[in-house]
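Notes follow the structure.
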Protein chains: 2
Amino acid sequence: MAAFAPQGEEKRLVEALQKAGLRLTPQRLAICRYLVNTDEHPTAQEIHRVLKEDFPSLSLATVYNTLETLVSLGAIHAVGDAGDDRVHYDADITPHINLVCIRCHRIIDVPHEALSHLEEEAAARSGYRILGARLVYYGLCPACQRLESEKEKHGSTSVAA
Amino acid sequence: MAAFAPQGEEKRLVEALQKAGLRLTPQRLAICRYLVNTDEHPTAQEIHRVLKEDFPSLSLATVYNTLETLVSLGAIHAVGDAGDDRVHYDADITPHINLVCIRCHRIIDVPHEALSHLEEEAAARSGYRILGARLVYYGLCPACQRLESEKEKHGSTSVAA
DNA sequence: TTCAAAGTTGGAAACATTATAATCTGTTTT
DNA sequence: AAAACAGATTATAATGTTTCCAACTTTGAA
């Protein structure tokens with residue numbers, strides 16, 4: 001979701017840190033760069049694993065701290081319901097849609113322009129200053145719909161844990 | 001978010017279990033009832049703590065199992081990015097907006113009709129069968145906006161972890 | 001150069017969630 | 001009605017993520 005204008009995006013994150021009066025340490029810069037150069041929604045652990053190749057001393061705590069900082073600055077989003085149970089991070093804070101399959105947990109991202117005016121309306125009604133948005137639809141992807149109807153033809157429809 | 005028509009809502013969850021060929025055990029029924037009778041977004045632990053008063057033998061595992069079952073049936077939603085890092089559950093799967101303050105983590109729920117046609121459009125484009133939706137706006141609530149401008153007047157703007 | 005503040009590190013601790021094995025319950029089969 | 005069986009629940013152990021903490025390092029200012 002995040003790799004349309006990597007340089008500009010990276011700048012955005014870096015500027016967020018600067019504006020807050022925080023230091024631009026190599027660790028923080030590397031984390032920002034990683035976030036804007038991936039289309040995945042990485043977890044703290046993944047970021048740490050990859051960046052450790054360049055920064056062997058990089059601590060997991062630093063990764064968590066930096067992500068938490070970026071989230072509280074509104075520069076990135078924490079996405080906590082991907083289906084596994086880690087927190088994923090998304091550097092794309094423009095309005096877009098996540099389609100989450102309730103069965104296989106796959107996620108598709110869909111950019112969506114129409115969200116902008118909803119945003120303005122919600123801001124006006126609530127007095128919030130809005131910094132980003134995420135619309136999540138839950139449902140069955142085409143493949144899983146097929147599997148569901150298979151099951152109905154046959155016997156039990158159980159989905160128990 | 002969930003307490004408009006508790007009886008009907010409870011029926012909806014129970015029917016979802018039935019349709020899937022699952023048993024309507026007292027534990028499952030109690031969990032369904034709890035979910036539809038609260039405006040909060042409870043965690044598994046909270047549900048367990050409360051229901052234990054009536055079902056002293058109720059196991060945490062059963063609560064997790066039942067919630068997972070309901071989620072995979074599409075009857076409720078798992079909300080994983082409330083700011084703390086537990087998974088919260090929401091029995092309201094109609095389109096509505098969550099406004100999340102990035103600073104104090106408070107959440108406001110706002111029903112929103114305009115989401116329905118976005119839903120249809122997304123379904124048509126992607127082939128998903130959509131069962132529910134959640135639009136999350138991230139931003140600063142009025143109180144936190146005030147705090148932010150205080151800080152700008154004074155000295156540092158730091159938000160570090 | 002010295003000092004204080006900010007940042008990082010590594011490891012320990014906390015905690016939510018999942019997996020496992022045993023037990024229980026209800027239903028169907030004989 | 002007894003036996004067999006699948007579905008559920010329970011208690012507990014194991015897993016793995018995230019947070020916490022104290023020590024150490026770096027940076028910037030006096």
Side-chain angles (χ1 to χ4, degrees), chain A residues 14 16-32 41-52 54-73 78-89 105 155-161, chain B residues 14 16-32 41-52 54-73 78-89 105 155-161:
Chain A
V14 170
L17 292 172
Q18 276 181 318
K19 271 193 197 166
L22 301 173
R23 290 185 193 154
L24 303 181
T25 65
Q27 292 90 335
R28 283 177 177 163
L29 291 174
I31 291 167
C32 288
H41 301 221
T43 66
Q45 307 265 357
E46 284 162 10
I47 295 171
H48 179 245
R49 184 167 357 98
V50 173
L51 293 185
K52 224 170 177 343
D54 287 323
F55 293 82
S57 79
L58 180 67
S59 164
L60 193 51
T62 297
V63 177
Y64 276 106
N65 286 340
T66 301
L67 290 171
E68 157 61 20
T69 300
L70 288 169
V71 168
S72 69
L73 290 171
V79 178
D81 43 13
D84 55 8
D85 34 37
R86 292 148 226 186
V87 179
H88 294 249
Y89 294 88
H105 296 163
S156 152
T157 331
S158 172
V159 193
Chain B
V14 170
L17 291 172
Q18 275 181 318
K19 271 193 198 167
L22 301 172
R23 290 188 194 152
L24 302 180
T25 65
Q27 292 89 334
R28 283 176 175 162
L29 292 174
I31 292 167
C32 290
H41 302 222
T43 65
Q45 309 265 355
E46 285 163 9
I47 295 171
H48 179 246
R49 184 167 357 100
V50 173
L51 294 185
K52 224 173 172 358
D54 288 324
F55 293 82
S57 79
L58 180 66
S59 163
L60 193 50
T62 296
V63 177
Y64 275 106
N65 287 340
T66 301
L67 290 170
E68 157 61 18
T69 299
L70 289 169
V71 168
S72 68
L73 289 171
V79 178
D81 42 14
D84 54 9
D85 33 38
R86 293 149 227 188
V87 178
H88 295 249
Y89 294 88
H105 296 162
S156 150
T157 331
S158 171
V159 192

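Protein chains get the first letters and strands the later ones, always in sequence-line order, with residue 1 at the start of each. Because only heavy atoms are used, hydrogens play no part in the values below, and waters and symmetry mates are left out as well, while side chains stay in.
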Could you tell me whether the side chain of V63(A) reaches within less than 4.5 Å of the side chain of L51(A), counting heavy atoms only?
no
Just how far, in rounded Å, is C1' of dT25(C) from CG of L24(B)?
14 Å
Starting at atom NE2 of H48(B), determine the distance to atom C1' of dT18(C), rounded to an integer number of angstrom.
15 Å
With a 4.0 Å cut-off on heavy atoms, is Q27(A) in touch with a base, just the backbone sugar-phosphate, or nothing at all?
sugar-phosphate
Tell me: CG of N65(B) to P of dT10(D), nearest whole Å?
10 Å
Quick one: do Q45(A) and Y64(A) satisfy side-chain contact (heavy atoms from CB on, under 4.5 Å)? Show the steps, please.
CA-CA 9 Å; Q45(A) 307 265 357; Y64(A) 276 106; 3.4 Å; yes
Between dT19(D), dG7(C), dT9(C), which one does the side chain of R28(A) approach most closely?
dG7(C)
Proximal nucleotide (of dT9(C), dT18(D), dT9(D)) relative to the V87(A) side chain
dT18(D)
Can you measure D54(B) atom CG to dT9(D) atom P for me and round it to whole angstrom units?
16 Å
Which listed nucleotide (dA11(D), dT8(C), dT19(D)) is nearest to the side chain of Y64(A)?
dT19(D)
With a 4.5 Å heavy-atom cut-off, do C32(A) and L17(A) have their side chains touching?
yes
Taking dT8(C), dA16(C), dA8(D) as options, the one with an atom nearest any side-chain atom of T25(A) is dT8(C)
Considering only heavy atoms from C-beta outward, does the side chain of T66(A) approach that of Q27(A) to under 4.5 Å?
no
Mind calculating the distance between CG (L67(A)) and C1' (dT19(D)) to the nearest angstrom?
14 Å
Roughly, in whole Å, what's the span from CZ in R49(B) to C1' in dT17(C)?
16 Å
Euclidean distance, R49(A) CZ relative to L58(A) CG, rounded to 0.5 Å
13.0 Å
Could you state the atom-to-atom distance from CD1 of I31(B) to C1' of dT10(D) in whole Å?
13 Å
Taking any heavy-atom pair under 4.0 Å as a contact, classify T62(B): base, sugar-phosphate, or nothing.
base
Would you please confirm or rule out a distance under 4.0 Å between OP1 or OP2 of dG10(C) and any side-chain N or O of S59(A)?
no
Return the nearest nucleotide to the side chain of L22(B); candidates are dT9(C), dA8(D), dT10(D).
dA8(D)
So what does L60(A) touch, heavy atoms closer than 4.0 Å: a base, only the sugar-phosphate, or nothing?
base
First of R23(B) and Y89(B) reached from the 5' end of DNA chain C, by closest nucleotide:
Y89(B)
Between C1' on dA16(C) and CD1 on I47(B), what's the gap in Å once rounded to a whole number?
14 Å
